[in-house]
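Beneath this line is the structure, given in structure tokens, with notes to follow.
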Amino acid sequence: MNSCVTGLQWGDEGKGKVVDILAENSDIVIRYSGGANAGHTVVIGDEKFALHLLPSGSVRPEMVCVIGNGVVLDPESVISEIKTLAQKDITLDNRLFISENAHVVLDYHKKEDQLREQSLGKNKIGTTIRGIGPCYADKIGRSYAVRMADLRDLDALKEKLQNIIDYKNKIFAALYNAEPIDAGAILEKCKLYADKLLPFTIDTTEFLHKAIADGKSLLFEGAQGALLDLDHGTFPFVTSSNASSLGMPVGCGVPAKMVDKFIGVVKAYSTRVGAGPFPTEQDNEIGQLIREKGNEYGTTTGRPRRCGWFDAVAVKYTAAIGSIDEIALMHLDTITAFEEIKVCKAYKINGKEITFFPANAAKLAQAECIYETVPGWEGDLTKMKSFDQLPENAQNYIKLIEKLTGKPITVIGVGPKRSQTIHR
Ligand code: GDP
Ligand code: IMO
Ligand code: MG
């Protein structure tokens with residue numbers, strides 16, 4: 001049984017928690033896209049782990065973890081995550097495998113991300129400044145890209161880096177009047193990265209195909225959310241990778257056909273970090289209340305997340321493009337004690353009612369939401385163990401989302417802990 005978990009909103013849906021739970025019945029967890037822009041939280045007992053590049057299965061001591069070719073890998077982030085887990089006596093030796101074809105995020109990518117965002121002023125994307133866009137741009141551009149395999153030949157890398165950094169410095173000086181980057185310092189860092197990370201670096205495509213032949217159970221872990229997908233999200237306010245499940249085959253070399261179940265994760269409401277249209281946003285007391293109750297602050301950047309009602313138009317669309325079989329609905333506990341709750345069931349754009357999501361920021365910015373309003377519920381959901389225990393109005397809310405998205409909700413989150421999960 002192979003499964004793929006992806007976010008169906010703008011990220012931070014609770015993928016880390018869902019992957020952690022499903023990992024119990026899997027052999028290998030694979031990250032296939034994004035980079036250290038991701039922040040996936042796993043809570044085990046009283047301990048909280050925030051993972052950026054290591055798959056969320058890594059907190060389980062025996063779990064095999066793969067970082068696929070589609071990931072842009074910031075060596076400093078991975079090294080620091082490995083160290084953090086080691087301090088808790090969790091070692092990654094002989095069970096973490098990094099693709100030799102994964103592209104490497106270096107200091108100049110982060111600098112470029114920061115300089116570009118600064119220069120964009122009010123038009124900025126609101127990136128995480130983790131160098132994601134510049135690194136993927138170098139991948140697409142080919143000539144100035146560095147892959148993990150390049151760390152194996154430091155002499156050749158020295159020459160390559162000199163060329164790349166000469167080029168980058170010209171751009172930094174001309175466009176941003178910025179200080180040059182020192183190629184020597186980056187090469188020194190690369191020596192350290194090679195030392196620490198080459199022992200984990202292999203041909204992960206070959207590894208995964210062997211695992212499939214051996215009957216292993218694979219769990220693919222998406223990063224970000226489908227509405228941040230470069231091609232299918234709210235462009236240009238997206239990330240630079242295919243964050244929907246469509247990015248999975250490309251990002252690890254395993255065909256989508258091999259996946260038995262695509263699980264889409266959503267929150268019982270919506271959040272977004274960074275700029276871009278957000279039709280159901282509640283930039284008011286309601287949004288503030290959701291933020292405080294749900295502790296909606298970024299796992300990676302600490303930024304307050306923008307909050308709003310559940311958008312069934314958006315999720316119906318992302319579930320369709322993501323070939324989603326089942327939905328995991330997280331944070332149901334967070335929207336307890338609201339007198340009424342709204343769900344967006346259609347948009348009005350230029351006077352016309354539409355139900356198919358327009359993946360285009362300019363069009364979406366004009367969308368007015370048509371809501372269905374339902375009564376809220378009271379009580380402490382965090383200890384409830386079954387669907388039947390939930391207040392009737394909460395059950396009806398779940399059924400309404402199922403009706404509007406056309407997908408069954410099989411997992412319900414009622415708190416951040418593993419045990420605070422209802423399986424249906
Ligand atoms: P990810 O990026 O999709 O893995 O999600 P994040 O980790 O960035 O953000 C989700 C946050 O919600 C984390 O702090 C989780 O611990 C927390 N969380 C996950 N599921 C639930 C839930 O059902 N209820 C509550 N209250 N918190 C949850
Ligand atoms: P996880 O995996 C939420 C957002 C940024 C910004 C846009 C582009 O934890 O769900 P980037 O740094 O990728 O160039 O920023 O994408 N973003 C996320 N938002 N969760 C994430 O990851 C995100 N990764 C990127 O806030 O709006
Ligand atoms: Mg997150």
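Numbering of ligands and ligand atoms starts at 1, following listing order.
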**Prompt:** Just checking, Arg306 and Phe278: is the charged tip under 6.0 Å from the six-membered ring centre and within 45° of the axis?
**Reply:** no
**Prompt:** Excluding sequence neighbours, so at least two apart, what forms side chain to side chain contact (heavy atoms under 4.5 Å, CB included) with Ala102?
**Reply:** Ser99, Met148
**Request:** Kindly confirm or rule out a cation-pi arrangement of Lys88 over Phe49, judged by NZ or CZ under 6.0 Å from the six-membered ring centre and within 45° of its axis?
**Result:** yes
**Prompt:** At a non-hydrogen distance cut-off of under 4.0 Å, which region of Lys15 contacts ligand 2 (side chain, backbone, both, or neither)?
**Reply:** side chain
**Asked** Does Arg31 use its side chain to pair, donor to acceptor, with the backbone of Phe220 at less than 3.5 Å?
**Response** no
**Request:** Using distance alone, determine whether Asn37 and ligand 2 share an N or O pair under 3.5 Å.
**Result:** yes
**Asked** Applying a 4.0 Å heavy-atom criterion (strictly less than), which segment of Val238 is in contact with ligand 2: side chain, backbone, both, or neither?
**Response** backbone
**Fill in**
Looking only at non-hydrogen atoms, the one of Thr41, Leu228, Thr239 nearest atom 17 (N) of ligand 2 is Leu228
**Prompt:** Where the side chain of Lys111 meets the backbone of Glu179, is there a donor-acceptor pair that is under 3.5 Å apart?
**Reply:** yes
**Request:** Using distance alone, decide if ligand 2 has a nitrogen or oxygen within less than 3.5 Å of any nitrogen or oxygen in Val273.
**Result:** yes
**Item:** atom 12 (O) of ligand 2 [closest protein heavy-atom partner, distance rounded to 0.1 Å]
**Value:** Thr128 OG1, 2.6 Å
**Prompt:** So is there a nitrogen or oxygen of Glu13 less than 3.5 Å from a nitrogen or oxygen in ligand 2?
**Reply:** no
**Side chain, backbone, both or neither: His40 near ligand 2, heavy atoms under 4.0 Å** = side chain
**Prompt:** Does CG in Asn94 sit with more than 12 non-hydrogen atoms of other residues, nucleotides or ligands closer than 6.0 Å?
**Reply:** no
**Any Arg130 heavy atom less than 4.0 Å to ligand 2** = no
**Message:** Taking OH in Tyr167 as the centre, count heavy atoms belonging to other residues, nucleotides or ligands within less than 6.0 Å. Is the count above 12?
**Reply:** no
**Request:** Identify which one of Lys196, Arg130, Lys189, Lys83 satisfies the salt bridge (Lys or Arg N to Asp or Glu O under 4.0 Å) criterion when paired with Glu76.
**Result:** Lys189
**Prompt:** Can you check whether Trp377 and Phe338 have ring centres sitting under 6.0 Å from each other?
**Reply:** no
**Request:** Using a strict 4.0 Å cut-off to heavy atoms of Trp10, name the atoms of ligand 2 that fall inside it.
**Result:** 3 (C), 19 (N)
**Request:** Say whether His103 and Asp138, considering side chains only, have a donor N or O and an acceptor N or O under 3.5 Å apart.
**Result:** no
**Asked** Among the heavy atoms of Arg303, does any lie under 4.0 Å from an atom of ligand 2?
**Response** yes
**Request:** For Ala38, take its heavy atoms, then give the atoms of ligand 2 lying under 4.0 Å from any of them.
**Result:** 1 (P), 2 (O), 9 (O), 22 (O)
**Request:** Could you list which atoms of ligand 2 come closer than 4.0 Å to a heavy atom of Gly39?
**Result:** 1 (P), 9 (O)
**Prompt:** Does the side chain of Thr318 reach to within under 4.5 Å of the side chain of Gln9, using non-hydrogen atoms?
**Reply:** no
**Prompt:** Just going by heavy-atom distances, which of Ile132, Asp12, Thr299 is nearest to atom 20 (N) of ligand 2?
**Reply:** Asp12
**Request:** Report yes or no: is the cationic atom of Lys168 (NZ for Lys, CZ for Arg) under 6.0 Å from the centre of the six-membered ring of Tyr108, at an angle within 45° of the ring normal?
**Result:** no
**Item:** Side chain to side chain, Phe235 and Asn360, heavy atoms closer than 4.5 Å
**Value:** no
**Message:** I'd like the residue list for ligand 1, meaning every protein residue with a non-hydrogen atom under 4.0 Å from the ligand.
**Reply:** Asp12, Glu13, Gly14, Lys15, Gly16, Lys17, Gly39, His40, Thr41, Val43, Thr299, Arg305, Met330, His331, Asp333, Thr334, Gly413, Val414, Gly415, Pro416
**Asked** Can Gln224 and Asn37 be counted as having a side-chain donor-acceptor contact under 3.5 angstrom?
**Response** yes
**Prompt:** In the shown structure, where waters are left out, how many protein N, O or S atoms lie under 2.8 Å from the Mg ion (ligand 3)?
**Reply:** 2
**Message:** Tell me if the aromatic rings of Phe200 and Phe97 count as close, with their centers under 6.0 Å from one another.
**Reply:** no
**Item:** Heavy atom of the protein closest to atom 22 (O) of ligand 2 (residue, atom name, distance)
**Value:** Gln224 NE2, 3.4 Å
**Complete:** atom 5 (C) of ligand 2: closest protein heavy atom, distance to 0.1 Å, is Gly126 O, 3.6 Å
**Message:** Checking Asp311 now: which residues fulfil side-chain hydrogen bond (donor to acceptor under 3.5 Å, both in side chains) with it, not counting sequence neighbours?
**Reply:** Tyr347
**Prompt:** Where does Thr127 meet ligand 2, judged by heavy-atom distances below 4.0 Å: at the side chain, the backbone, both, or neither?
**Reply:** both
**Prompt:** Side-chain donor-acceptor pair under 3.5 Å between Lys17 and Thr421, yes or no?
**Reply:** yes
**Prompt:** Are His331 and Tyr269 an aromatic pair by the rule of ring centers under 6.0 Å?
**Reply:** yes
